[in-house]
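What follows is a single structure, written as structure tokens, with notes after it.
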Amino acid sequence: MIEATARDRALEIAREVGRRTCDRERIARAVAFNRKQTAFPEGAHWSALSVAQGEVGLALLLACLDASFPEDGWDRQAHGYLQSAAQSLEGMASPPIGAFGGLAGLSLVVDLLSRGGTRYRRLQGEIDTALAKSARDAGEQLHSNVHDLSVHQFDAISGLAGTAACMLARQDTDELANALAPVIEALCAVASVDGLPAWYTPPERIANPDMRAEFAEGNLNCGLAHGIPGPLAALALAYKAGMHNNGLVEERIRGGADWLLAHRVDDAWGTNWPAAIPVATVGGARRAILPQEVHAHFGKPLHPTHAAWCYGSPGVARALWLAGDALDEPRYRDAALEAVRAICARPWQARQISSPTFCHGVSGLAHIVLRFAQDTDLPWLWEASRAMLDMLLELYEPDSVLGFRAHEPEGRRIDRPGFLDGAPGVAAALLAFATDRAPCWDRVFLLS
């Protein structure tokens with residue numbers, strides 16, 4: 001377990017970041033600083049509707065604080081951010097549906113702030129009606145065109161995997177429950193591993209130019225944020241919720257989990273994964289190139305990526321754990337724990353993360369390890385959790401705008417206000433260490 005002194009310090013910092021998050025002028029300053037400080041200004045955008053970079057993400061942190069401290073007024077501050085999000089929906093003919101930038105994420109956050117459905121009933125009803133229709137349409141469209149996909153159609157960030165996860169947490173309405181069927185059917189189609197797996201991304205659909213240059217014939221993404229672990233985790237959650245589809249969901253879970261285990265790229269410390277598996281034409285047909293074949297095909301080995309939520313073994317391990325939990329399959333649970341043990345054995349430099357933030361930083365990794373410790377109660381996982389919490393506490397910068405800065409290459413420190421890659425997400429992770437309340441907010445990350 002985590003000692004009281006560390007928990008108290010984590011709680012103190014989480015509450016301070018929460019107080020700063022309530023200050024709209026401070027948030028506006030962080031938004032402006034983010035655009036000026038970053039070396040990647042094209043990614044510095046702010047949207048009221050966004051969990052990742054917007055007011056809905058701020059409301060999510062305040063919902064976490066409100067759940068643990070309902071008498072402290074966090075809900076009143078969150079209300080203003082929800083109003084901004086609701087106003088942004090007015091006039092939108094087709095709002096995005098994703099977990100991190102659309103209706104699915106908004107629906108989940110409103111539910112977390114609803115005090116058991118006693119608040120926001122009208123707003124929630126309007127959101128759910130729009131979400132149900134959009135999700136059903138997106139599921140049917142993807143299912144009819146499953147062999148020409150971009151990751152954004154099915155991934156955890158903006159696609160159906162994240163959308164399904166949020167909807168599965170909100171099955172209290174027939175409207176959402178009924179709309180889930182075509183979404184799960186579409187994810188089953190995406191997760192097919194027959195021949196060239198259906199989640200194959202052709203080169204012209206790879207958005208990142210560096211990755212597009214690296215994978216000339218396309219790839220199969222292995223990250224929880226954008227690859228097959230997202231649909232795998234969502235299908236595991238669906239299966240546990242009773243959606244079996246005559247055995248098809250279990251078949252796709254096993255296929256996706258086995259595929260990930262077959263495409264490991266281990267390092268000196270043990271189980272690991274690359275960002276993506278390359279595809280090449282062999283014998284006149286495109287196929288995934290197994291890691292042990294990569295050097296012969298491309299003249300260089302395939303290396304593991306960093307140890308983060310978005311890409312790398314932490315996110316993959318959590319998807320495998322959810323698969324094992326849903327199917328009661330020890331093989332997947334054991335593989336997940338082997339991967340986490342390897343993560344914990346690696347020195348920090350080998351993990352290739354330095355930022356305190358959630359997406360590809362310390363708080364995301366720390367939260368995943370904490371989740372494994374809570375699930376298993378294994379002493380070595382609690383010890384690893386404490387070590388990661390200590391590092392996270394050391395990264396606190398009280399003189400910064402919000403308390404934590406994102407780290408970019410060449411030593412840049414960025415005052416990001418978003419939940420995905422800024423101080424609010426770090427504070428939510430600290431709160432999970434500091435309190436005994438289950439961090440249900442991490443459903444948006446496909447972690448529970």
Under a 4.0 Å N-O cut-off, is there an ion pair linking Glu250 with Arg254?
yes

Hey, does Ile157 have a side-chain heavy atom less than 4.5 Å from the side chain of His152?
no

Is the shortest side-chain heavy-atom distance between Leu430 and Leu389 below 4.5 Å?
yes

Above 12 or not: heavy atoms from other molecules or residues under 6.0 Å from CD of Glu42?
yes

Under 3.5 Å, is there a donor-acceptor pair between the side chain of Thr118 and the main chain of Arg115?
yes

Are the side chain of Arg136 and the backbone N or O of Ala181 linked by a donor-acceptor pair below 3.5 Å?
no

Please report whether the ring centroid of Phe372 lies less than 6.0 Å from that of Trp321.
yes

Working to the nearest 0.5 Å, report the span between CD1 of Ile353 and NE2 of His360.
10.0 Å

Does CD belonging to Glu204 count more than 12 external heavy atoms closer than 6.0 Å?
yes

Is there a side-chain contact between Leu322 and Tyr332 (heavy atoms, below 4.5 Å)?
no

Under the salt bridge (charged side-chain N to carboxylate O under 4.0 Å, His left out) rule, what do Arg29 and Glu25 come out as? Steps first, then yes or no, please.
CA-CA 6 Å; Arg29 192 158 72 248; Glu25 290 185 3; 5.8 Å; no

Heavy atoms from other residues, nucleotides or ligands near CG of Asp148 exceed 12 (cutoff 6.0 Å):
yes

For Gln352 versus Pro304, what's the shortest heavy-atom pair and its separation?
NE2-O, 4.4 Å

Donor-acceptor under 3.5 Å (His226 side chain, Ala156 main chain)
no

So Val17 and Arg20, do their side chains get closer than 4.5 Å, heavy atoms only?
no

Among Arg371, Arg318, Arg437, find the residue that satisfies the salt bridge (Lys or Arg N to Asp or Glu O under 4.0 Å) test when tested with Asp442.
Arg371

Nearest-0.5 Å distance, CG of residue Asp66 to CZ of residue Arg76:
9.5 Å

Check the pair Leu248 / Glu251 against side chain to side chain contact (heavy atoms under 4.5 Å, CB included), numbers first and verdict last.
CA-CA 5 Å; Leu248 182 60; Glu251 177 187 321; 4.2 Å; yes

Give the minimum heavy-atom separation between Pro417 and Leu58, together with the two atoms involved.
O-CD2, 3.3 Å

Are the side chains of Cys166 and Thr163 in touch, meaning some heavy atoms are under 4.5 Å apart?
no

Quick note, ring pair (Phe, Tyr, Trp, His ring centres under 6.0 Å) partners involving residues 66-91, not counting sequence neighbours, are His79-Tyr120

Does Asn34 offer a backbone N or O that forms a donor-acceptor pair with the side chain of Thr38 under 3.5 Å?
no

Just by modelled atom types, is the Gln141 backbone N or O under 3.5 Å from a matching donor or acceptor in the Ser144 side chain?
yes

By the definition side-chain hydrogen bond (donor to acceptor under 3.5 Å, both in side chains), identify the one residue from Asp325, Asp375, Asp328 that meets it with Arg333.
Asp328

In the structure I gave you, are the side-chain heavy atoms of Glu217 and Pro203 within less than 4.5 Å of one another anywhere?
no

Looking just at side-chain N and O atoms, do Gln37 and Asp415 make a donor-acceptor pair shorter than 3.5 Å?
yes

Applying side chain to side chain contact (heavy atoms under 4.5 Å, CB included), run through Phe445 and His367 and close with a yes or a no.
CA-CA 11 Å; Phe445 287 94; His367 184 76; over 6 Å; no

For Phe33, give me all partners under ring-ring contact (aromatic ring centres under 6.0 Å, His included), at least two apart in sequence or on another chain.
none

The test is side chain to side chain contact (heavy atoms under 4.5 Å, CB included); show your working for Val401 and Arg26 and say whether it passes.
CA-CA 7 Å; Val401 178; Arg26 188 180 287 266; 3.5 Å; yes

Using 4.0 Å as the upper bound for N to carboxylate O, is an ion pair formed by Asp258 and Arg331?
yes

Main-chain N/O of Trp259 paired to His263 side chain as donor or acceptor, under 3.5 Å:
yes

Taking everything shown except Gln83 itself, do over 12 heavy atoms lie less than 6.0 Å from its CD?
yes

Where do Pro356 and Leu392 come nearest, in terms of heavy atoms and distance?
O-CD1, 3.6 Å

Under the 3.5 angstrom rule, does the side chain of Thr201 hit a backbone N or O of Ser150 as a donor-acceptor pair?
no

Report the distance from atom CG of Leu61 to atom CG of Leu402, rounding to the nearest 0.5 Å.
10.0 Å

Under 4.5 Å between any side-chain heavy atoms of Ile277 and Leu290, yes or no?
no

Stepwise, does the side-chain hydrogen bond (donor to acceptor under 3.5 Å, both in side chains) test hold for Ser400 with Arg405?
CA-CA 7 Å; Ser400 65; Arg405 290 188 175 103; 4.8 Å; no

Between the CD1 atom in Ile253 and the CG atom in Leu320, the distance rounded to the nearest 0.5 Å is 11.5 Å

Side chain to side chain donor-acceptor pair (under 3.5 Å): which pairs involve residues 84-105, sequence neighbours left out?
Arg24-Ser84

Closest non-hydrogen atoms of Ala384 and Cys344, given as atom of the first, atom of the second and distance, are CB-SG, 3.5 Å

Quick one: closest heavy-atom pair of Leu62 and Cys22, and the distance?
CD2-SG, 3.7 Å

Report the C-alpha separation of Tyr200 and Arg286 in whole Å, then their side-chain angles, then the decisive distance to 0.1 Å, and conclude whether the side-chain hydrogen bond (donor to acceptor under 3.5 Å, both in side chains) test is met.
CA-CA 10 Å; Tyr200 161 69; Arg286 280 179 170 168; 2.9 Å; yes

Answer whether the closest heavy-atom distance between the side chains of Trp46 and Ile27 falls below 4.5 Å.
yes

Step by step, would you call Arg416 with Thr357 a side chain to side chain contact (heavy atoms under 4.5 Å, CB included)?
CA-CA 9 Å; Arg416 287 193 178 134; Thr357 51; 5.9 Å; no

Is Ser192 reaching over with its side chain to a backbone N or O of Cys188, donor-acceptor style, under 3.5 angstrom?
no

Taking Val151's backbone N and O only, do any of them form a donor-acceptor pair with Arg205's side chain (distance below 3.5 Å, no angle check)?
no

Using a strict threshold of under 4.0 Å (side-chain N to carboxylate O), is an ion pair present between Arg19 and Asp23?
no

For Trp273 and Leu260, the nearest pair of non-hydrogen atoms, with its separation, is NE1-O, 2.7 Å

Atom CG in Leu237, atom CG in Leu232: separation rounded to 0.5 Å?
9.5 Å

Would you compute the distance between atom CG of Leu160 and atom CD1 of Ile184 and round it to the nearest 0.5 angstrom?
9.0 Å

Please check if the side chain of Trp309 supplies one atom and the backbone of Ile368 the other of a donor-acceptor pair under 3.5 Å.
no

